[in-house]
Amino acid sequence: METLHTGDSASPVSGFVDPALHLPYRDSANEEGVGPFPPNDFWRNPLPGSVMTQQPASAPEASPPAISKDFIRAMVDEDMATGKYGGRVHTRFPPEPNGYLHIGHAKSICLNFGLAREYGGKCNLRFDDTNPTKEETEYVEAIKNDVRWLGFEWDGPERYASDYFGRLYDYAEALIQKGKAYVDDQTADEIRDNRGTLTEPGRASPYRDRSVEENLDLFRRMRAGEFPDGSRVLRAKVDMASPNFVMRDPVLYRIRRAHHHRTEDAWCIYPMYDFAHCLSDSIEGITHSLCTLEFENNREIYDWLLIQLGAYRPQQTEFARLNITHMVLSKRKLIQLVRDGHVRGWDDPRMPTLSGLRRRGYPAAAIRELCARVGMSRAAGTVAEYSLLDFCAREALNYTSPRVMAVLDPVKVVIENYPEGRTEWFEMPYFPEEGGGAPESWSGPKTRKVPFSRELYIERDDFRIDAPKKFFRLSPGREVRLRYAYFIICTGVVKNDAGEITEIRCAYDPETRGGDAPDGRKVKGTLHWVSAAEAVPVETRLYEHMFAAVAADTEGGDFAAGLNPDSLRIVTARVEPALAGAKAGDAVQFERLGYFMADEDSKPGEPVFNRTATLKDTWAKVERKED
RNA sequence: UGGGGUGUCGCCAAGCUGGUAAGGCAAUGGACUCUGACUCCAUCAUCCGAGGGUUCGAAUCCUUCCGCCCCAGCCA
């Protein structure tokens, strides 16, 4: 039995061309004329077992759907049945371009774009850019990129609230004409002091009863830049005694001489959210304006303004935002993590941002699946478990990831009865047949060659001198299989002066070549391994949660104290030669270890891997119980 | 304290026109296994925040109470 193949026949991993795997790194998904959804998209080809496959089929005679509709879809059904909006569904995703999108936004994206898809409607992407001091073009581009990565495309060009500044201004004058808005000269402090408390009504501003003419004149002069910043505001004239604070004459416009990322210096007055949002929805002909629960109190002014102005009125509906254990989703805290250097940036693989999750290796399909499985409700403050995200990731990755071998924590194995200097090259499948073989999206090679020799590395965890009965791995006198190679039996160990194991001595059974014994004997354990001489050392980044299950309340600002110091662990893994050619974005399963994706820090021939998720580890549980 | 919401298995979540508690995750037991992975099978709320009431019958109706979330930015 001599060397079967030469080293140069080892297949490089350059065949990793699954478009889904590369999506994050190629902006081509939406430029190939494939329409709004990337090829092999989850929404067209849901994963087997996906909850999305359980959505009601178009054929209504089928048995009832396994998954009941959430309250929003039930409402839309009702509206479609009654023709409330002429049978239209038109939603919008309205981020403020003041930061990066995170997994919480994904829920809203999936809801708004998903609804439009399901009902044959439309969904706009609109940037809510009414506060020039916080918004930047950089975020606009990042948000567009993230939405597309998630697998959605908006209808028409992206919109901006700032596109409507002119019309919004006209609406404001109209409101003044109707006697429903006035210019208030009070200071911000005075306005606050006069707003009242939970139990006391507010007090009317001394300027509340100005004439329409005076208000119009003042408002026009506000726009013309005659008054300093903060000196006056336009307020709706609603009800200073309303139990809902939002209705106590909310500010509609403020004077703010700031450079706007789009309108630049054309305006010195800017509309507030309550004024701009309802009217932007109205202008765009939105039917269902979906937002998170904290805007519940704002629905009253949303409706009030549109009614006063006689404008088309969408239906605002609120839903609970997404929370996940071990994750922090508040913008303030995320900024702090970046600013204080606890992470490498907004796209650090530990960040809950879409760019971070993407870089970590979570497929967009997994994020969508998570949102679908979490569902919609109005129960605030509920927190989904991280394990569900991991489950969704494994579900998607299991289907698409080629299997390879890598050792994260190596210990040397010497096979005493194996000839020195000999190297065998075993051909191994990237997608074992038992697992269903390669997915259709896979266009790379089906196999690669892996070298085997006298000196190997196995995982340190896979060896025990004193092994409990349930330990199915290598220990003195016990036989195990080296995956696709040979059975070996441990004959001894070599220790250093400190008592650490430096070498495991073994004997192999040549009859078991390929991994099966002709005499039919079985082994309980199969180990992954790598040939010591040919293995390639590569930087591998192992991630753990940054926070305890529920991130401590951080209003004191010291939440950084609770950070897991081991959230990033960098190790030098020994990987099979074929993996040396991995390029950024290539996603694989290291057998028995987990799913990994080559990071964008990878260089030719020098990949860097991020661990996306571990495999489930039943042994770890067994072991814990035995302790 | 005023108003608006909300409370169903460890987690998410159906149920909401009263008829005797879906599903998923997690967990547990087992089968299978050249990944202790995947897959498969089984188990997992006599009870729906609590107390009253209506009813032959209530998680679903009425009532009282309790918990939690949001609102007093010229943020969104």
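What you see below is based on every heavy atom in this structure, not just the backbone, and it leaves out hydrogens, waters and symmetry mates.
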List every contact pair, protein side and nucleotides 15-18 of chain B side both N or O, where the distance is under 3.5 Å.
none

**NZ or CZ of A/R299 within 45° of A/Y302 ring axis and under 6.0 Å** = no

**Request:** Using a heavy-atom cut-off of under 4.0 Å over every strand shown, decide if A/G196 touches base, sugar-phosphate, or nothing.
**Result:** base

**Message:** Base of B/G4, side chain of A/E300 - is there a donor-acceptor contact under 3.5 Å?
**Reply:** no

**Asked** When rounded to the nearest Å, what value does the distance between P atoms of B/G49 and B/C9 take?
**Response** 8 Å

**Request:** Could you label the plane-to-plane angle of the A/Y169 and A/W267 rings as parallel, tilted or perpendicular, counting under 30° as parallel and over 60° as perpendicular?
**Result:** tilted

**Message:** Is A/S377 close enough to B/A13 that one of its side-chain N or O atoms is under 4.0 Å from OP1 or OP2 there?
**Reply:** yes

**Message:** Over all strands shown, is A/F471 touching base, sugar-phosphate only, or nothing at heavy-atom distances under 4.0 angstrom?
**Reply:** base

**Message:** Just N and O in the side chain of A/R321: are any of them under 4.0 Å from OP1 or OP2 of B/C69?
**Reply:** no

Any N/O pairs under 3.5 Å between the protein and nucleotides 37-39 of chain B? List them or say none.
from	atom 1	to	atom 2	distance (Å)
B/A37	OP1	A/T618	OG1	2.2
B/C38	O2'	A/N398	ND2	3.2

**Request:** Would you mind classifying the nucleic acid contact of A/A188 as base, sugar-phosphate or nothing, using non-hydrogen atoms under 4.0 angstrom?
**Result:** base

**Prompt:** Distance between the P atoms of B/G67 and B/G30, in whole angstroms?
**Reply:** 45 Å

**Message:** Would you say A/T130 places a side-chain N or O within less than 4.0 Å of OP1 or OP2 belonging to B/A76?
**Reply:** yes

**Prompt:** How would you label the contact of A/R256 with the nucleic acid (heavy atoms, under 4.0 Å): base, sugar-phosphate, or nothing?
**Reply:** sugar-phosphate

**Request:** Please evaluate the base of B/G36 for a donor-acceptor partner in the side chain of A/R592 within a cut-off of under 3.5 Å?
**Result:** no

**Asked** At under 4.0 Å between heavy atoms, what does A/F295 touch on the DNA or RNA strands: base, sugar-phosphate, or nothing?
**Response** base

**Asked** How is A/E190 classified with respect to the nucleic acid when contacts are heavy atoms under 4.0 Å: base, sugar-phosphate, or nothing?
**Response** nothing

**Message:** For the backbone of A/D409 and the side chain of A/E459, can you confirm whether one donor and one acceptor N or O come within less than 3.5 Å of each other?
**Reply:** yes

**Asked** Less than 3.5 Å between a donor and an acceptor, one on the side chain of A/N297 and one on the base of B/G3, is that the case here?
**Response** yes

**Prompt:** Which part of the nucleic acid, if any, lies within contact of A/T199, taking any heavy atom under 4.0 Å across all strands shown: a base, the sugar-phosphate backbone alone, or nothing?
**Reply:** base

**Message:** Determine whether a donor-acceptor pair (N or O, by modelled atom type, separation under 3.5 Å) exists between the side chain of A/R203 and the backbone of A/R195.
**Reply:** no

**Request:** Take the angle between the ring planes of A/Y508 and A/F452 and call it parallel below 30°, perpendicular above 60°, tilted in between.
**Result:** tilted

**Prompt:** Phosphate oxygens OP1/OP2 of B/A76: is one of them under 4.0 Å from a side-chain N or O of A/R254?
**Reply:** yes

**Prompt:** When you compare B/U28 with B/G7, how far apart are their P atoms, in angstrom units rounded to a whole number?
**Reply:** 30 Å

